[in-house]
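On a predicted model such as this, the values are computed, not experimentally measured, just so you know. What's counted below: heavy atoms across the whole structure, side chains too, no hydrogens, waters or symmetry copies. To find a chain, count down the sequence lines: A is the first, B the second, and so on, and within it residues start at 1.
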Amino acid sequence: MHAGILGISFYLPQRRETNEDLRRENPDWRMDELYEKSGISARHVAGDDETASDLGYNAAARLLHRSVVPPEEIDYLIYCTQSPDHFLPSAACVLQKRLGLGTHVGAFDYNLGCSGFIYGLQIAKSMVTSGVTRNVLLITADTYSKFIHARDRTVRTLFGDGAAATLIGRSDGPGRIGDFVVGTDGTGADKMIVPAGGLRMPSSPETADEITDDADCTRSKDNLFMDGPAIFSFVITTVPRTLKALLQKTGLSSDDVDWYVYHQANKYMLEHLARRSKIPDDKMIIDVETTGNTVSASIPIAIQRSVEAGKIRVGHRLVLVGFGVGYSWGACDVVWE
Amino acid sequence: MKVEEFLNAVCEVLLRDPNTLSLDDTPNTVEEWDSVGHLSIIATIDEELGIPVDTEEMQNFRSIGELVERLKSKNALED
């Protein structure tokens, strides 16, 4: 039995921040130069009362509306976020009710960032092909904006909020989710982190103390911190190796691959990764311009937009690679249904 | 690779004219050496010299001279 991706829908919050908005607010930010490198001109930002699970709900509601499979045949709901509504309960349980899914549904959350979609696909594929479930609804959603300090250029210009819902189930057509290569290196845990707000370091007046660094970026321990050089170095070292390992495992040659859909970190990083692995420009999907880096939603959003643009078509072989916070990474090959 | 060639590769990614970087240069003396410029230099090490950049010393350097010394000690650069 083969498992395939049966459908993807996504949702971006209505509020948008353009580079022009950021420049008006921060006249010292060189937005043109940043745009040149990042390729990002706007990003969506969740409303004050809007959480990641709200975005995830909207994405999933759109997918259910398409009636790809009868809702009662969805047996599992898996929700990936790093911006949880609560410590408990799991947002997956809340989403089961909100989406009107049956109580026979198994539901749980997991916490991963930019590699999250790959891990979700791996879990879902295993569940479907082992006969444990018929269809899995995978929701990947994040609102890093809630953690980002308004004066931290290194992250505010890059990240955008968004959510994707992906349906994984038995494929009787050409579609299939193939092999996986995953990896973890916890030595990078402090390179991308929101230090406070959990139980290790509860939020307090001290954790809210703001510090401005050498690069004139301000943040507190309650905010997202990213060590750009460390993350960049990790990615450009690990991702080409991961691709190589996946191609070896699958026996595929790079000519067999129609599209490379990497985590949409930013244009500069994706172009560098393409050059490093000799991926032709016209096979590397780069779709960050209007969304920014949407964390675990970025790969499914990029796939769906490429499908809608007529690039990815039935029978095309995709290689997906996710990488980031943890450090955590994963890659897989997918034939599009 | 010769130090001069490497410096010119760095000039190129920082969008500067050739031969406009010296060993004394730091982010304070080179306008283009901002956080994105720093990543471009790391990318150049990766691409031009092919040595692993996932180490602290290849990520955190505060002057061109410091970086060149580290690369020389790895036999990645020669005078």
So, for [X] and [Y], which heavy atoms are closest and what is the spacing to 0.1 Å?
| X | Y | result |
| --- | --- | --- |
| B:Asp46 | A:Arg276 | OD2-NE, 2.5 Å |
| B:Ser35 | A:Thr154 | OG-CG2, 4.4 Å |
| A:Lys37 | B:Ser40 | NZ-OG, 3.3 Å |

(request) Could you check if a side-chain atom of B:Glu47 sits within less than 4.5 angstrom of a side-chain atom of A:Ile236, using non-hydrogen atoms only? (result) no
(message) Quick check on A:Ala230 against chain B: is it the side chain, the backbone, both or neither that has a heavy atom closer than 4.5 Å?
(response) both
(request) Measure distances from A:Asp214 to the heavy atoms of chain B and classify the residue's part below 4.5 Å as side chain, backbone, both or neither. (result) side chain
(message) Would you compute the distance between atom CG of B:Asp54 and atom OG1 of A:Thr187 and round it to the nearest 0.5 angstrom?
(response) 9.0 Å
(message) Would you compute the distance between atom CZ of A:Arg153 and atom CG of B:Asp34 and round it to the nearest 0.5 angstrom?
(response)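 One gets 7.0 Å once the value is rounded to the nearest 0.5 Å.
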(request) Would you check, one step at a time, whether the test salt bridge (Lys or Arg N to Asp or Glu O under 4.0 Å) holds for A:Arg30 with B:Glu32? (result) CA-CA 11 Å; A:Arg30 299 190 300 192; B:Glu32 299 86 352; over 6 Å; no
Check this for me: [X], atom [atom1], are more than 12 non-hydrogen atoms of other residues, nucleotides or ligands nearer than 6.0 Å?
| X | atom1 | result |
| --- | --- | --- |
| A:Glu20 | CD | yes |
| A:Arg15 | CZ | yes |
| B:Glu57 | CD | yes |
| B:Glu12 | CD | no |
| A:Asp281 | CG | no |

(request) Check the pair B:Leu39, A:Phe232 against side-chain contact (heavy atoms from CB on, under 4.5 Å), reporting the backbone distance first and the verdict last. (result) CA-CA 7 Å; B:Leu39 300 187; A:Phe232 184 76; 3.7 Å; yes
(message) Can you tell me which of B:Glu31, B:Met58, B:Glu56 forms the most heavy-atom pairs within a distance under 4.5 Å of chain A?
(response)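 It is B:Glu31.
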(request) Identify the residue among B:Thr55, B:Ile45, B:Ile42 that makes a side chain to side chain contact (heavy atoms under 4.5 Å, CB included) with A:Ser233. (result) B:Ile42
